[in-house]
Structures are given as C-alpha cells and as structure tokens.
There are 2 protein chains.
Amino acid sequence: MKSVIPVTVVDIKVACSQCNLRELCLPFGLDPNEIDQLDELVGSRRKIKRQQHLYRSGDNFEAIYAIRAGSFKTDVILEDGRDQVTGFQMTGEVLGLDGISTEHHSCNAIALEDSEVCVIPFNRLEELSRTVESLQHQFHKIMSREIVRDHGVMMLLGSMRAEERLAAFLLNMSQRFTARGFSPSEFHLRMTRDEIGSYLGLKLETVSRAFSRFQEEGLVAVQQKHIRILDTPGLKRLLNHHSA
Amino acid sequence: MKSVIPVTVVDIKVACSQCNLRELCLPFGLDPNEIDQLDELVGSRRKIKRQQHLYRSGDNFEAIYAIRAGSFKTDVILEDGRDQVTGFQMTGEVLGLDGISTEHHSCNAIALEDSEVCVIPFNRLEELSRTVESLQHQFHKIMSREIVRDHGVMMLLGSMRAEERLAAFLLNMSQRFTARGFSPSEFHLRMTRDEIGSYLGLKLETVSRAFSRFQEEGLVAVQQKHIRILDTPGLKRLLNHHSA
DNA sequence: AAACAGTATTGACGTGGATCAAAGGGCTCC
DNA sequence: GGAGCCCTTTGATCCACGTCAATACTGTTT
C-alpha cells in the first residue's frame, strides 16, 4: 500500500540540475532553463535491489531509465535457455532504448547491485524533445552511441581472441570509471566471471584463466572482483598487435 | 556551384510519396501531407557503383541514407587490418546512424552491387521531426530497431555454433526478402562467403562447409550465390533445439 | 573463344577454447 | 559469527573451427 509522502530534501537533491551525472546523461548540452523542463518530466525514481529486474523481455515499453546509482546488465535469452549478456551499464547511462522499436522490451535489465534509476516516460520525452532542440540532439546522440558501442562488441566477438577480448573489456571499464571520477587503474567489478564470459562470448573458465595469465605477466593484479591495472600500455598492445 | 534544375519525371518517380519502399522506410506512418514535407527534405539521390564506398569511417557526418535500390555492407576495420562486417543492408533500410554520436562516421558503408540512396540531411531531418510527430517517432523506431538487431547479432556471435549462425542468417535474409515482395525461399546473395563469414564470426571455409552440409541434409539447394531454401522448419529447428 | 582473376569447394591437420572435474575461498543470510 | 552456497581457480582432455593447401568453378575482359 502506497501513501503520499511529502517532498523531502532528498527529492530536491536528485533533480537533474543538481545531479553530478548530468554531463554523462540526458541533460548534457542543455541550458539551466531547459534542464528544469527535463526535471519536470522525470516522473519518479525507482530503487532496484541487487539481482532484481528493472524490466523483462516482453514487458510493455513506457519509459527509458537513467541510472542514478549502481549498475546493471542487460541480457537476451533464447528459447533453449542459452543467454547472452548484451551490455553492462553504469551511472549516467540510459537503459530501455531497445523497447522503442516494438513498444515492448526485447531484453532483460537486471541490477548488479542495489541501484536507483530515474524513470523518463518516453512519450513525454518525445514531446519535450520537439520543443527543446538540444534535448532532441542529445537523445539522438545517446541512441547512436549505443549503436556504435554494439558495433565494437561485434568486432570483439567476431574477430578477437580470448585475451584480446578481456583486455578490451578491462580498458573499456577503466575508461568508464575514469569518466565518473574514479581511478582508471583500480576498481571493483560488479559482475561475475560467468557474466563477463557471457558478454565476451567465452566460458567462465576461460575468463578466469585469462585473468590469471594477465596476472602472471604483470599486466594486472586480480583479487576476485577487485582489479588493479598495472600496465595499461601492455593491455593496449595486446589489442592492436595481434601477434598471429 | 549548384544550379537550379527543373523537376523531371524521373525526380517525381522517386519521391517518397511514390516510392514502393515507403512502408519499410522513414515515411512509414506519415499521412500524405507529411510525406510531402519529407519529400522536400530529401535533397538528392546518389548512385554508388558496386564496391564503392557510400561513406568511410572518419568521414564527417552530415546525412543519413535510405537505400532506394541495391544493397550494402557496413564494416569496421581495426588498426592491425582485421575487419568485421557489422551488417548487410537492403532497400528501404537506413544507413549512417552510427555517425550521429560523434559527428563522424564510425564504420564504412560499401555497395554490394550498383545501388542508389536517398540523401537525408540530418540537421533538416531533426528540424522536421520537431514538427512532424509521426516522423519523429518513426525515426526513433528505426534507431531502436538497429539496436535490437545488433543485440541479435551479439547473441549469434556469442553463443551459437557455426551451423546455427548460418541458419539464423539464411532465415533472416529470407524474411527480409519476403518483406520486399520477393520469394521467401529462393534468392540471390549479393555478398561473398568471406563477407558472410566476417559477419558471422567464421572463416569463409567454415561458411562453405556449412552450406555443403545443409545441402547434404536437404535443407537448402546451394548454387554459388543462388540459394533455395527447401526446409524452413528444419533450419528453425537447428536454431532452437541446440542439440548439445 | 581464350585467358584471367576472383570466388568457392574440399581435404588434411593443428589449436584455442570448451567441457568435465575437483578443490578452495569468500559472501550472504540467518 | 557461523553455515551454506555460490563463485573462482586450476588441471586434464576433447572437439569445433581455423589454417594451410590444392583444385574447380564463374563471370568478365579482350
């Protein structure tokens, strides 16, 4: 049973205009007045506990979601049970774009840790982006970025070897942590070896072995999910030189 | 220097309102008056000969392209020379969405046969979609569809075996030919085994062997690039039942 | 009609990553 | 704070696909 709760200081704090993620998110490039309009549109926030679904494949599509705190994975499941992780999402990134095309979500979004998202009703976003040019453009850029990212994953899955895939993954995570003000070289992965493996098209044992190998070679220090990158250029070399 | 050219019969013929691809393309869902507005926006058409680039990775992004005739592939090339075909595009499909995110294209688009595209200047498309709601929505659907398609390819690359990948590819081609009024069971592939292989994350020999195997099993009749599907349910069974 | 280049098929063999298996370690939830 | 379970690591073996190589086909050019 829900009850009406008066607006609290916390609610004000999470307005787009006050949000420290705005440079990474939908408000990027908007002027203060425009951000206020976007604020009104963000109807509510939703907390998702670890392992819970934000949405499921087949759900009606009504809104997209901006991650305020925590992180997610998205996956696609085949009839025979095989599944493929299609992405990992961090704060400031947008979830749910897959649902626009058919009005139904085509993948599952699952929280990797206790998380919070801003709910952005899609019809209202389209409405506002008809009058706010910068919002329209930023939204298009976000969709396009997703397409470009997916092409990168295809490249990875289609033509890289196991260690190259893991190196690419680690460098990508590092870069995204950096963009959020965290250390480029030391971070905590929220996903399991199995989930990394699914994303990279590898089995969890192969991921584990590749981590061990990187450790032996002094490229990274691995302690379970805690990663310290010791030799970034070394990882990059792994990617480009493809010693066949 | 551009000069004003009077409207010719040819120009009228290829207007969106007269185009038999409009149900598959950007005009879908627009009323006649709105289609006329879209028509004005489609500045020019461009013919691309077989093997020529429509755009290259790194090119400035200015327009998206709707395929009027022919077909294309898109690919991404790594520094060390490895490349990955990220998609094959047919009539009515839209190319160039990858360029929105950075204002530069991030892949190459190459004609598989002599082809023709409609050039849609992107800033003018954004402008018009601010006043024409149905155009805005259709454009968003097209971008979202691309994301969903990419997720399907990731599933394919990440967790399917060679024959499953080829079966999925053939069924997908069949469906797209059908949507264009061609036979679902008999068609001509415009791409080489090598290009199919790159798209599916396989070597060309593996693609060729899988074709031969399908032929032995009576699933398809293959004669070089000419394909006749003899047993669609059989191909579908290959996909779902994953006899491990 | 011959010559050619690009494309496709098929065979033999090698290998990277999957699979199977077992043991140890660290979280999570009482 | 302890019990249990999930996660991770590591080893041994297997196999699907890659690699290398030779031959054949097709459509194009002259």
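Numbered from 1 within each chain, the chains take letters A, B, ... in sequence-line order. What's counted below: heavy atoms across the whole structure, side chains too, no hydrogens, waters or symmetry copies.
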Rounded distance in Å - [atom1] ([X]) to [atom2] ([N]):
| X | N | atom1 | atom2 | answer |
| --- | --- | --- | --- | --- |
| A/Arg161 | C/dG14 | CZ | C1' | 13 Å |
| B/His188 | C/dT7 | NE2 | P | 13 Å |
| A/Lys225 | D/dT8 | NZ | C1' | 9 Å |
| A/Gln223 | C/dG24 | CD | P | 19 Å |
| A/Phe214 | D/dT9 | CZ | P | 13 Å |
| A/Asp194 | D/dT8 | CG | P | 8 Å |
| A/Leu166 | C/dG16 | CG | C1' | 15 Å |
| A/Lys49 | C/dC29 | NZ | P | 10 Å |

Point to revise | B/Phe169 vs B/Leu200 side-chain heavy atoms within contact, under 4.5 Å | key: yes
Check your understanding: Does some side-chain heavy atom of B/Ile227 sit less than 4.5 Å from a side-chain heavy atom of B/His188?
Key -> no
Exercise for review: Taking A/Ser159 for its side chain and A/Met155 for its backbone only, find out whether a donor-acceptor pair lies under 3.5 Å.
Suggested key: yes
**Study point:** Check: B/Gln89 main-chain N/O paired with B/Ser71 side-chain donor or acceptor under 3.5 Å
**Key:** no
Practice item. Can you measure from CZ (B/Arg237) to CG (B/Leu219) and round to the nearest 0.5 angstrom? Key: 8.0 Å
**Study point:** Nearest-0.5 Å distance that lies between atom CG in A/Asn108 and atom CG in A/Leu54
**Key:** 10.5 Å
Over all strands shown, is [X] touching base, sugar-phosphate only, or nothing at heavy-atom distances under 4.0 angstrom?
| X | answer |
| --- | --- |
| B/Thr192 | sugar-phosphate |
| B/Leu202 | sugar-phosphate |
| A/Gly201 | sugar-phosphate |

Study note, to complete from the structure: Assert: residue with more 5' nearest nucleotide on DNA chain C, out of A/Leu204 and B/Gln224, is B/Gln224
Review point. Out of C/dA12, C/dT7, C/dT9, which nucleotide sits closest to the side chain of B/Arg209?
Key: C/dA12
Practice item. Could you check which of C/dG17, D/dT9, C/dT9 has an atom nearest any side-chain atom of B/Arg193? Key: C/dT9
Considering just the side-chain nitrogens and oxygens of [X], establish if one lies under 4.0 Å of OP1 or OP2 belonging to [N].
| X | N | result |
| --- | --- | --- |
| B/Ser208 | C/dT9 | yes |
| B/Ser212 | C/dT10 | yes |
| A/Lys203 | C/dT19 | yes |

Practice item. Can you label the angle between the A/Phe61 ring and the A/His105 ring as parallel, tilted or perpendicular, going by 30° and 60°? Key: perpendicular
Revision key, fill the gap. Overall bend of the helix from C/dA1-D/dT30 to C/dC30-D/dG1 (five pairs an end, 10° steps) is 60°
**Study point:** Polar side chain donor-acceptor pair, A/Thr91 to A/Arg180, under 3.5 angstrom
**Key:** yes
Review point. Taking atom types as they are modelled, is there a donor-acceptor pair under 3.5 Å from the base of C/dC20 to the side chain of A/Glu205?
Key: yes
